[in-house]
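A short worksheet on the structure shown next.
The first residue in the sequence is number 1, and the count goes up from there. Just so it is clear, the model here is predicted, and its values are computed rather than measured.
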Amino acid sequence: MAILITGGAGFIGSHAAVELLNNGYDIVVIDSLSNSQMESVHRIQELTGKEFPFYEVDLVNKVQADEIFHYHPIEAVMHFAGLKAVGESREIPLKYYNNNITGTLNLCEVMAKHNVKNLVFSSSATVYGNPNSVPVVESFPLTVTNPYGRTKLMIEEILRDLHVSDSSWRIAILRYFNPIGAHESGRIGESPNGIPNNLMPYITQVAIGQREHLQVFGSDYGTHDGTGIRDYIHVVDLVKGHLKALQYLERNEGVEAFNLGTGKGYSVLDLVHNFSEVTSREIPYQVVPRRVGDIGICYANPEKAKNLLGWQAEKGLKEMCQDSWRWQTSNPNGYNIAVKQ
Ligand code: UFG
């Protein structure tokens, strides 16, 4: 029996693939390659020394999704596939709704058809909107402010309805805080297309000289230095949480949401300073107005994951900076012109 990884060529999916293979699981990977590269699949194989089936499949195509379940005995699905850029989702909402919602509906339909009812879903802390207080607990009210976030929240609700209709589904909804870092080998990591939206890839591109300076979006938040605070979590810790969730589903029916964060908040400038210290690189920056839609402070209360999954993040900010930097320096252009060594 195998675990199906959707979006397995992407940043988090590729790390999950390595973790699953290293823990003795068989996997099948699908990815539309619309926002990822085949090279990452080669690197997963290189890192683990294991072969696995890969299919270029877009979940919007239900026939193709169905075929995967015909060809392979799947026992559970880790569902990473989806579009994820907040700004872009405001420009092309229909594409986000079609890709994320239709893709997930198709996936659930073919899973039900083949009697595969164990699902680990990638959600996001974005479903908490602008939380009234921190740390954020899973029972907080859910609200979203952009189409990307709305797709995550809608899918959470769809999955709950699915479970109401058929209680044999076992679903873990994992709400990610801010995943950064990379595999310690420097062989897989985040490979953004064009100008990075997120803070860490932007910092590493400034550090390597591809961008002149970082723009710090706002210094008038109610935080110790005025810049926004987030809960940065190492991607390897994050994917270890997925394995724990998978094991939890073996023991428990139902739908359960979990925060995957460290419980610690760092500001934009905290991250910049830690990165500079670890890498001995100056990060020139300019403070500019707040980015539309950004919130001031968001970090997790990760107790539920600790108590029910037996998981907690282990890697600190320095390791996250070191590993992000190793990835950037060994792959200056991500996977784009990567030459296999
Ligand atoms: N920031 C900058 N300059 C940049 C990029 C970001 O100052 O060039 C700041 C932001 O204002 C924010 C912090 O760095 O204070 C982190 O920003 P990111 O874009 O890295 O992450 P966000 O918290 O804004 O968004 C992330 C994910 C979203 C998800 C959201 C909530 O990218 O997908 O967390 O979980 F919806």
Side-chain angles (χ1 to χ4, degrees), residues 1-59 61 64-65 67-82 84 103 107 116 118-120 122 174 179-193 201 204 234-247 315 319 322-341:
M1 296 294 271
I3 310 299
L4 175 66
I5 307 179
T6 76
F11 174 41
I12 301 170
S14 60
H15 286 80
V18 168
E19 195 66 24
L20 283 165
L21 289 167
N22 284 343
N23 281 276
Y25 289 88
D26 287 330
I27 63 170
V28 175
V29 172
I30 62 173
D31 199 298
S32 68
L33 298 179
S34 64
N35 197 23
S36 56
Q37 286 89 3
M38 196 55 206
E39 179 63 17
S40 95
V41 175
H42 298 316
R43 302 240 184 135
I44 297 166
Q45 289 171 338
E46 167 206 299
L47 277 176
T48 59
K50 293 184 179 163
E51 298 289 322
F52 53 84
F54 170 83
Y55 298 92
E56 187 176 337
V57 163
D58 192 325
L59 288 172
N61 185 332
Q64 285 184 357
E67 281 172 4
I68 304 296
F69 288 80
H70 272 297
Y71 294 142
H72 300 281
I74 305 293
E75 63 179 310
V77 178
M78 284 192 185
H79 180 32
F80 298 97
K84 60 171 188 179
L107 174 67
V116 179
N118 295 342
L119 176 66
V120 177
S122 300
L174 304 182
I180 60 171
H183 191 266
E184 61 178 10
S185 64
R187 297 295 288 159
I188 55 172
E190 188 173 10
S191 180
N193 274 335
T204 58
H234 196 293
V235 62
V236 171
D237 275 337
L238 186 80
V239 298
K240 285 181 195 286
H242 289 66
L243 265 73
K244 292 287 189 183
L246 202 58
Q247 290 155 8
K315 294 174 188 280
E319 238 171 315
Q322 255 161 12
D323 291 341
S324 290
W325 184 229
R326 186 180 304 107
W327 158 252
Q328 176 73 74
T329 46
S330 19
N331 308 269
N333 296 302
Y335 295 118
N336 291 329
I337 54 158
V339 179
K340 232 185 141 196
Q341 289 157 358

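With contacts defined as side-chain heavy-atom distances shorter than 4.5 Å, the pair Tyr25/Leu243 qualifies. Between Leu4 and His72, the closest side-chain pair of non-hydrogen atoms is not below 4.5 Å. Inter-residue side-chain proximity for Leu33 and Phe54 is flagged as met; some heavy-atom pair is nearer than 4.5 Å.
When atom types are taken as modelled, the side chain of Ser32 and the backbone of Val57 share no donor-acceptor pair closer than 3.5 angstrom.
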Hey, mind stepping through Glu75 and Val116 against side chain to side chain contact (heavy atoms under 4.5 Å, CB included) and telling me if it holds?
-> CA-CA 6 Å; Glu75 63 179 310; Val116 179; 5.9 Å; no
Show your working on side chain to side chain contact (heavy atoms under 4.5 Å, CB included) between Leu20 and Leu246 and close with a plain yes or no.
-> CA-CA 10 Å; Leu20 283 165; Leu246 202 58; 4.0 Å; yes
Worked check of side chain to side chain contact (heavy atoms under 4.5 Å, CB included) between Trp327 and Ser191 | CA-CA 10 Å; Trp327 158 252; Ser191 180; 4.3 Å; yes
Evaluate the criterion side chain to side chain contact (heavy atoms under 4.5 Å, CB included) for residue pair Glu46 and Arg187; output intermediate values, then yes/no.
-> CA-CA 9 Å; Glu46 167 206 299; Arg187 297 295 288 159; 2.7 Å; yes
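Across Phe80 and Gly7, no two heavy atoms sit closer than the pair CB-O, 4.1 Å.
Salt-bridge annotation for Asp237 and Lys240: absent, with no side-chain N of the basic residue lying under 4.0 Å from a carboxylate O of the acidic one.
In the model, Gln37 has a side-chain atom that pairs as donor or acceptor with a side-chain atom of Asn336 under 3.5 Å.
Ring geometry for Tyr55 versus Tyr71: interplanar angle under 30°, hence parallel rather than tilted (30 to 60°).
Shown are Asp58, Ile5, Ile68; of these, the side-chain contact (heavy atoms from CB on, under 4.5 Å) with Ile30 is made only by Ile68.
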